[in-house]
Novice: 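Next up is a structure, given as structure tokens.
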Amino acid sequence: MLQNFNTRKKLLLFPVLFVLLIIVSAFVYTHYNNIANKRNHVAIETEKFIQYMAKSRISVYQFLRIPTEENRQHVLMNLKYLKDSVTQTKAEFVSAQNIELANQIISLVDNYLAEYESFAKDKIIDFSNNINLENDEIKQDIARMVKVGVDVENKISEINQNAIKLREDAYTTLTVDLIVLVIIATIIFTIISLIISNSVVNSINGFKEGLLSFFSYLNRESNSVNLLDDSAKDE
């Protein structure tokens, strides 16, 4: 195909090829960099789950020490932040495992809220009546809440680890793809360069041979004319 191009067009293929490689490289980088950034954002959001859960545990501890309506509302607010954060971030998950973990966390938080609401009302009434003793029922409520809280923490830890791994995989994929792209681009550019160079050199050699043939022909014609002149003089 290159034989149909003149030398000027062949040389123009170099900048055209370079621009195409730049465009492809930019597209690949943008695509995988966006994926890596999204997964990094998700990993950061899952770390907030841990913070909200820690705040929830502290607020529950404060409520157990001083079971007032104000402290009860603090617990509900922190648990609501946790649930809302998980619900919103779930829409950004690409892993089916993380989506399932998010659903489990939401369900566990709802269970915790149900246990807490029943427990908190009785605890506030007892506290207002200066009753500080914990009967078996209250202890069982606390034990159930602790169990649910531990399950939530385990799920949050698991989902955070998965998100971090996906983020690392995305950045690794980005790096590997860029290296592969550079290698492939270098090979393609080198092969095309050699083909074009050989084509240009062959064209130049052909032109050179044509000139040599032309001058050789002129030289032969000149010698023939000289021979005829010498023969005429001899006669």
Side-chain angles (χ1 to χ4, degrees), residues 1-56 78 80-109 152-204:
M1 187 176 85
L2 291 177
Q3 295 177 352
N4 298 327
F5 293 172
N6 56 37
T7 302
R8 182 177 180 181
K9 291 182 178 179
K10 291 175 182 176
L11 293 176
L12 284 175
L13 286 177
F14 284 104
V16 171
L17 179 62
F18 178 77
V19 171
L20 288 176
L21 291 175
I22 292 297
I23 292 174
V24 173
S25 300
F27 175 80
V28 172
Y29 174 79
T30 301
H31 175 70
Y32 286 101
N33 187 58
N34 286 339
I35 293 176
N37 287 336
K38 288 179 181 178
R39 293 185 179 179
N40 181 55
H41 172 71
V42 169
I44 293 174
E45 290 299 313
T46 59
E47 290 174 357
K48 292 182 181 179
F49 300 169
I50 300 174
Q51 297 174 9
Y52 288 138
M53 189 61 197
K55 290 180 179 179
S56 297
N78 288 326
K80 182 178 181 299
Y81 284 154
L82 172 60
K83 180 180 176 180
D84 290 346
S85 180
V86 175
T87 302
Q88 293 173 6
T89 308
K90 185 182 73 169
E92 302 180 43
F93 289 153
V94 295
S95 168
Q97 182 181 7
N98 281 353
I99 293 174
E100 177 59 26
L101 284 171
N103 290 331
Q104 292 177 12
I105 291 172
I106 294 171
S107 177
L108 287 170
V109 171
V152 172
E153 289 180 352
N154 291 337
K155 300 297 181 184
I156 289 176
S157 177
E158 185 177 353
I159 204 172
N160 177 246
Q161 292 301 317
N162 290 341
I164 291 174
K165 184 178 184 303
L166 287 172
R167 178 182 62 185
E168 293 174 350
D169 290 345
Y171 280 118
T172 300
T173 300
L174 174 62
T175 302
V176 172
D177 286 344
L178 287 177
I179 293 174
V180 171
L181 181 62
V182 169
I183 294 173
I184 293 176
T186 302
I187 293 174
I188 292 175
F189 194 83
T190 301
I191 293 174
I192 297 296
S193 299
L194 290 174
I195 293 174
I196 294 175
S197 298
N198 290 334
S199 180
V200 172
V201 169
N202 291 335
S203 297
I204 294 174

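When reading the values below, keep in mind they use all heavy atoms of this one structure, side chains included, and skip hydrogens, waters and symmetry mates.
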Novice: Out of curiosity, Ser107 OG to Lys83 NZ, how far, rounded to the nearest 0.5 Å?
Specialist: 9.5 Å
Novice: Give the table of side-chain donor-acceptor pairs shorter than 3.5 Å for residues 92-102, with sequence neighbours excluded, one pair per line with atom names and distance.
Specialist:
{"unit_1": "Ser95", "atom_1": "OG", "unit_2": "Gln97", "atom_2": "N", "d": "3.3"}
{"unit_1": "Ser95", "atom_1": "OG", "unit_2": "Asn98", "atom_2": "N", "d": "3.4"}
{"unit_1": "Gln97", "atom_1": "NE2", "unit_2": "Glu158", "atom_2": "OE2", "d": "3.3"}
{"unit_1": "Asn98", "atom_1": "OD1", "unit_2": "Asn162", "atom_2": "ND2", "d": "3.1"}
{"unit_1": "Glu100", "atom_1": "OE2", "unit_2": "Gln104", "atom_2": "NE2", "d": "3.2"}

Novice: I need the Lys38 NZ to Leu166 CG distance, nearest 0.5 Å.
Specialist: 14.0 Å
Novice: Nearest 0.5 Å, please: how far is NZ in Lys55 from CD in Gln51?
Specialist: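 Interatomic distance, Gln51 CD to Lys55 NZ, rounded to 0.5 Å: 6.5 Å.
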Novice: In Å and rounded to the nearest 0.5 Å, what is the CD1 to CD distance from Ile50 to Glu47?
Specialist: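 Between Ile50 CD1 and Glu47 CD, I get 6.5 Å after rounding to 0.5 Å.
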Novice: Can I get a per-line list of side-chain donor-acceptor pairs under 3.5 Å for residues 23-32, giving both atom names and the distance, sequence neighbours left out?
Specialist:
{"unit_1": "Ser25", "atom_1": "OG", "unit_2": "Leu21", "atom_2": "O", "d": "2.7"}
{"unit_1": "Thr30", "atom_1": "OG1", "unit_2": "Ala26", "atom_2": "O", "d": "2.7"}

Novice: Side chains of residues 172-186: which donor-acceptor partners sit under 3.5 Å, not counting sequence neighbours?
Specialist:
{"unit_1": "Thr172", "atom_1": "OG1", "unit_2": "Glu168", "atom_2": "O", "d": "2.8"}
{"unit_1": "Thr173", "atom_1": "OG1", "unit_2": "Asp169", "atom_2": "O", "d": "2.8"}
{"unit_1": "Thr175", "atom_1": "OG1", "unit_2": "Tyr171", "atom_2": "O", "d": "3.0"}
{"unit_1": "Thr186", "atom_1": "OG1", "unit_2": "Val182", "atom_2": "O", "d": "2.7"}

Novice: From Ile164 CD1 over to Asn40 CG, what is the distance, rounded to the nearest 0.5 angstrom?
Specialist: 10.0 Å
Novice: Kindly compute the distance separating CD (Glu45) from NZ (Lys48), expressed to the nearest 0.5 Å.
Specialist: 4.0 Å
Novice: Are the side chain of Ser56 and the backbone N or O of Tyr52 linked by a donor-acceptor pair below 3.5 Å?
Specialist: yes
Novice: So which atom in Val42 and which in Ala163 form the shortest heavy-atom distance, rounded to 0.1 Å?
Specialist: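 That closest heavy-atom pairing would be CG1-CB, 4.3 Å.
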Novice: Answer yes if the side chains of Thr46 and Asn160 hold a donor-acceptor pair under 3.5 Å, and no otherwise.
Specialist: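 Yes, because at least one side-chain N or O of Thr46 sits under 3.5 Å from a partner of the opposite role on Asn160.
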